[in-house]
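Okay, so here's the structure we're looking at.
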Amino acid sequence: MSLDSKSAAPAHPTPGHHRPSALASFLKLRELPVILALVVLVAVTAALNPLFLSEQGIKDLLLNATILMILAVGQTLVIITRNIDLSVGSILGLVAFGTGSIFVAAPNLPIIAVFVVGMLFGAVLGALNGLLITIAKVPALVITLGTLYIFRGINNAWAGGTQYFAGDRPEAFGNLSVDTVLGFPVITLIAVVVVAIVAVYMMGTRPGRDLYAIGSDPDAAGLFGIPVTRRVLLAFVVNGLLAGLAGVLYASRFNSVGATTGSGLELDVVAAAVVGGVAIFGGSGTVVGAAIGALLLTTITSALTALRVDKFWQQAIVGILILAAVVIDRIASVRSARKLRMAEARNV
Amino acid sequence: MSDRLDAQPGPATGSGSSVQPERDQPETGAPTKGTRMAAPGTRTSEEKTARRPAAGKADTTKVLAVPKGRTGAARILLGRDAIMIYVLVVVVLYASLVIPRFASPVTVGFLLLDVIPTLLIALPMTLVIISGEIDLSVASIAGLTSALMGVLWQGGMPIALVLVICVLAGLVAGAFNGVLIAYLGLPSLAVTIGTLALFRGLALVVIGDNAVANFPPGLTSFFTSKIGGTGIPTVMVGVVVLIIAFAVVLHFTPFGRGLFALGYSKEAATFVGIDVARSKFLLYLATGTVSAFAGIYWTLRYSSARSDNASGLELAVIAAVLLGGVSIFGGKGSIPGVLAGVLLIGTINYALKLDRVSEVVLIIVTGSLLILSVVAPNIGAAVQRARHARQVRAAPLP
């Protein structure tokens, strides 16, 4: 186990004054490194450019993160069950364009109905993924790579060259991403509520805990009596539903929606979850972590702009961040595995 | 219970089948459970064993109608690869007959020129996926080499040196992936999502928003030239050499056989003496290097070095490889199958384009093909399982 000694070494140079036990528990909390990185990033940027934390600055930070946050929460549910959904960008695009079409076709429809329709649409697309994966027993990576193309193609066929602009939708809908409540943009509050609901569901309910069990060992979960198929299907449906919600919010937030809306988003979403401490092979991670991961990824862009760093560095930094997250995750799991081994050895 | 089973079959073998049909009937719905549970009280289990001498003594319920494995020529002619090749041939023939301008050297030329980057990267990707890993950073490595090429050439370096440095850059990028995945044991999906962003980011850092276009005309025209009147691109010669090299490595060397073992079970591969870490490291070196080739090709073919060259190619390559019959779980796949998969997507796309079908349909077709190619065998297997189960249930009745 040369790996243990190698990876144990870089674990210590993090904040120096912690005692080993405190450090261990610090590393065990998976969200903490992300929160710390976010705090450091914001603090340094704010120190160098006070405008960064002005009222407008904070509002922009939150607005930028909102959509990725919601998508990351959904993706986390799926990744925890040891699956992956690469089609979220395409689902978002379809729903966003659908939202635009609804407003053109039925301008007087209440906004809440548009939300419901968009989320249902997303849920149907998610269910399609889930059914293909659970019934045909085909790996999620392959199926969702296929539906990524199919949904995108349908969006292209439907939208063609058409684009819907801000003028095509009611003002109240566009205002969702402008108005604030207590300084928080309305759509960000929606995202926060989503994160809270899903987090409680994952931590406090039986089906939520089941998802972790399925991700840790699908066969064992099945033997234990967990309805694996139904739970995995549920994860995909909820992920689709949230992608649908994100699509509706996208239509509210951004000026135009068209055939290519949301393309390439899938990797950002997975990246946000990975940075947020969600293990890519299932079984561990939290939606709160993923949401903070999304916030961190989007904040980097604004921070680099505020610091007048060459914008070309942005993506390289995102890459380094993802790699750092994976390494931290690995160190944490190696440490906890060793601890478990030692505890067991003592018991014998 | 097992010794009772062992004791009885002799005498029962002769008489059993004629005696007990109606006694067995209620249990036929759930043979396994029925046998076990009824055994202590009644004689059913012994009788069941008896009527199926071929089934042996231990488990009486599962061995009927063992699915036969294909052997020899049938295995090659009916295998997954062969089916892909038949589909490819059918598509090519159909397109040649139906689409007026399809069967021409010009078509061959453009089709192959379009397909080469996917084809190149699909080769090492096949090996990587067979070994149970994945590499999402390939297109970013191609973009990075393209950006490097532009900057170095513009800086006045001789083109030969530029090309060498670009290949080395791909090698280093692959080694970076390889160290993280093979020697630090990090999950390849997560690592290569990270390096996907990192390498594309470095490409942006290197060249920014610029595009370099003034490459030596001799070189760029060489990269789009055809062999005589055949329409086959000259570069294809090099690509074919690479294809053969990868096919030989995968199918005819111990290293290649080891990759299948590795994808099937890492532990088992270790036990039979495969150096797992070293094998994986070499694979990522190969993907890095070949991605650099693809980046160089892309740059010279379009005569433009940009940071966003080849972006999105990783998903197209993976789709083609999976369509070619490589299992995403590892342990299964072949180079001929992947070639057919890549060419199939390329041909369908080109044929539809010639037939003035919009890009839209191409994307949907690609996605549907991908899903169909993985769902269909599973449905086939499910049907076979269902039929087998029906046979097992039906068997006890005379």
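All chains are named by letter (A, B, ...) in the order of the sequence lines, taking the proteins before the strands, and each is independently numbered beginning at 1. Keep in mind that what you see is a predicted model, and the values were worked out from it rather than measured.
In this structure, the portion of B/Ile328 lying under 4.5 Å from any heavy atom of chain A is its side chain and not its backbone. In this structure, the portion of A/Ile280 lying under 4.5 Å from any heavy atom of chain B is its side chain and not its backbone. Both the backbone and the side chain of B/Ala316 come within less than 4.5 Å of a heavy atom in chain A. Neither the backbone nor the side chain of B/Phe199 has a heavy atom closer than 4.5 Å to any heavy atom of chain A. Interface remark: B/Ile318 contributes backbone and side-chain atoms alike to the contact with chain A (heavy atom separation under 4.5 Å). For B/Leu180, the part lying near chain A is the side chain, with the backbone staying farther off; criterion is any non-hydrogen pair under 4.5 Å. Only the side chain of A/Leu132 comes within contact range of chain B, with heavy atoms under 4.5 Å apart. In this structure, chain B has heavy atoms under 4.5 Å from both the backbone and the side chain of A/Ile150. With a 4.5 angstrom heavy-atom cutoff, A/Glu266 touches chain B only via side-chain atoms. Contacts of A/Leu148 with chain B are made by side-chain atoms alone, with heavy-atom separations under 4.5 Å and no backbone atom involved. Proximity to chain A (any heavy atom under 4.5 Å) is shown, for B/Ile193, by both the backbone and the side chain.
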Does B/Asp209 form a side chain to side chain contact (heavy atoms under 4.5 Å, CB included) with A/Phe312? I'd like the steps, not just the answer. CA-CA 9 Å; B/Asp209 281 336; A/Phe312 300 126; 3.6 Å; yes
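Top candidate by heavy-atom pairs under 4.5 Å with chain A, chosen from B/Ser140, B/Ser307, B/Gly208, B/Gly312, is B/Gly208. Interface remark: of the candidates B/Ser327, B/Ala203, B/Ser311, B/Pro187, B/Pro187 forms the most heavy-atom pairs closer than 4.5 Å to chain A. Considering only heavy-atom pairs separated by less than 4.5 Å from chain B, the leading option among A/Ile317, A/Val318, A/Val142, A/Val274 is A/Val142. Of the listed residues (B/Leu186, B/Ile134, B/Ile207), the greatest number of heavy-atom pairs within a distance under 4.5 Å of chain A belongs to B/Leu186.
Going from atom CZ of B/Arg200 over to atom CG of A/Leu267 covers 11.0 Å, rounded to the nearest 0.5 Å. From B/Leu315, atom CG reaches atom OH of A/Tyr149 across 5.0 Å, with rounding to the nearest 0.5 Å. A distance of 7.0 Å separates CG of B/Leu322 from CG of A/Leu141, quoted to the nearest 0.5 Å. Here CZ of A/Phe281 is found 5.5 Å from CG of B/Leu189. Values are rounded to the nearest 0.5 Å. Rounded to the nearest 0.5 Å, atoms CD1 (B/Ile371) and CD1 (A/Ile143) are 4.5 Å apart.
The heavy-atom pair separating A/Leu145 from B/Ala319 by the smallest distance is CD2-N, 3.8 Å. Minimum heavy-atom separation, A/Val326 to B/Ala190: CG2-CB, 3.7 Å. Residue B/Leu202 comes nearest to A/Ala316 through the heavy atom pair N-CB, 4.1 Å, listed as atom of the first residue, atom of the second, then distance.
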